[in-house]
Amino acid sequence: MEIKITKNAHCAAKPADESKLGFGKVFTDHMFIIEWDKGCGWHDARIEPFGNLSIHPASTTLHYGAEIFEGMKAYRKADGSIQLFRPEENFKRMNRSAARMGLPELPVEDAMEALMALLELDKDWVPHSDGTSLYIRPFMIGDDHFLGVHGVGHALWLIILSPSGSYYPEGINPVRIMIEDEDVRAVRGGTGEAKCGGNYGASTRAGMRAEERGYSQVLWLDGVDRKYIEEVGAMNVMFKINGKIVTPMLNGSILPGITRMSILELLRAEGTEVEERRLSVDELIDAAKSGALEEAWGCGTAAVISPIGKLMYQGVEYEVCGGKIGPTSQRLYDTLTGIQWGKLPDSFGWVCPVK
Ligand SMILES: *Cc1c(COP(=O)(O)O)cnc(C)c1O
């Protein structure tokens, strides 16, 4: 792939106070774009100064939700070097999301080449403070310029970068979660296992209602029986019940998280039993009542591990692990973040250095 590079002549100053970065608010000097047209395929790969896109008002993405994305991080190690965590898995998943949405697939080698070229230019934007990272957001939009409902004929595939602060600037605080029994986020055969903007659109109302009631996220139930646990907010979810780790099996409506996959691989490698199966809300609530529910946590790239301290279901609140982070959640958090920031050896071959 040939990438035309136009350097930004007005590079911004790097944020002086990394503790004020927050998430996804600051962007680097450059962005990557490649275009796709039916007939001629991928063309015009380029890196340009970061800036607004010019979008036709009839663009498919604005009307019919043709959009997918990914999320990963570049981590700065203590020695100053930079590494990624399983980036090929993100690009492979992006292609699966693309296939589901009728969007074109970009070969993983090309996506990796694009990311490395962009990081080469903007690597000084990877923050240095503990727990900070450069958030990487690849995304693709369908961009035909007419209102007919049709297959995608023109698409844009981009990467933007955003230096982001520590997810836990004040230490890990378990969150309060509301079990959602009205709205559903996805159904089997729908787009639940694709990382697409539409799933987030469908989730917004429930998330807002939960926030109004003092909960930080919702725990989603399946869309058919409204009975089986699926995900928490935009994270996968895991429980420790009677000493065993249980997580909902991938059923077509759950997003296959790379953090989820890595945790399962870690646990299995150390000989810990994990169950990927259907878990009903009744079983979960019974376990919470009897004390069999020892720990609960969400997992995803942003938080890595987000312990659940309280669960609310049909007006009753259940405390999990005394409202504190449990030993398994803490150990998984320490191990994964240790590998990601290069503080622990990576015996799985997960990390990928950035030159
Ligand atoms: C991205 C995402 C996750 C977590 O995936 P990771 O690869 O671990 O970051 C889980 N659920 C949803 C809905 C997501 O969009």
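Counting starts at 1 for both ligands and their atoms, in listed order. Predicted, not measured: the structure shown is a model, and the values here were computed from it.
- Side-chain contact check for W157 versus M94: some heavy-atom pair is nearer than 4.5 Å.
- When the options Q314, K227, R226 are evaluated for a side chain to side chain contact (heavy atoms under 4.5 Å, CB included) with D181, the one that passes is Q314.
- Summarising the local packing, NZ of K324 is surrounded by 12 or fewer heavy atoms from other residues, nucleotides or ligands at distances under 6.0 Å.
- Using a 4.0 Å heavy-atom cutoff, R93 is listed among the residues neighbouring ligand 1.
- Exactly one of L267, I254, V274, L264 qualifies for a side chain to side chain contact (heavy atoms under 4.5 Å, CB included) with T247. That residue is L264.
- For the pair T259 and ligand 1, the shortest N or O to N or O distance falls below 3.5 Å.
- In terms of polar-atom proximity, defined here as any N/O pair under 3.5 Å, N90 makes no such contact with ligand 1.
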task: Could you walk me through whether R93 and E70 pass salt bridge (Lys or Arg N to Asp or Glu O under 4.0 Å), step by step?
output: CA-CA 8 Å; R93 181 171 67 191; E70 270 304 324; 2.8 Å; yes

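- Across the listed options V304, N236, I258, I258 owns the non-hydrogen atom lying nearest to atom 6 (P) of ligand 1.
- The ligand atoms of ligand 1 that sit less than 4.0 angstrom from a heavy atom of Y200 are 14 (C), 15 (O).
- Scanning G257, G197, A186, A234 for the heavy atom closest to atom 10 (C) of ligand 1 points to A234.
- Ring centers of F69 and Y200: under 6.0 Å apart, within the cut-off.
- At a 4.0 Å heavy-atom cut-off, ligand 1 touches T301 through backbone and side chain alike.
- Ring-plane geometry between H145 and H56 is classed as parallel, the angle between the planes falling under 30 degrees on a 0 to 90 degree scale with a further cut at 60.
- Nearest protein neighbour of atom 2 (C) of ligand 1, counting heavy atoms only, is K195 NZ, 2.6 Å.
- For R185, the heavy-atom gap to ligand 1 drops under 4.0 angstrom.
- Heavy atoms of E231 found under 4.0 angstrom from ligand 1 belong exclusively to the side chain.
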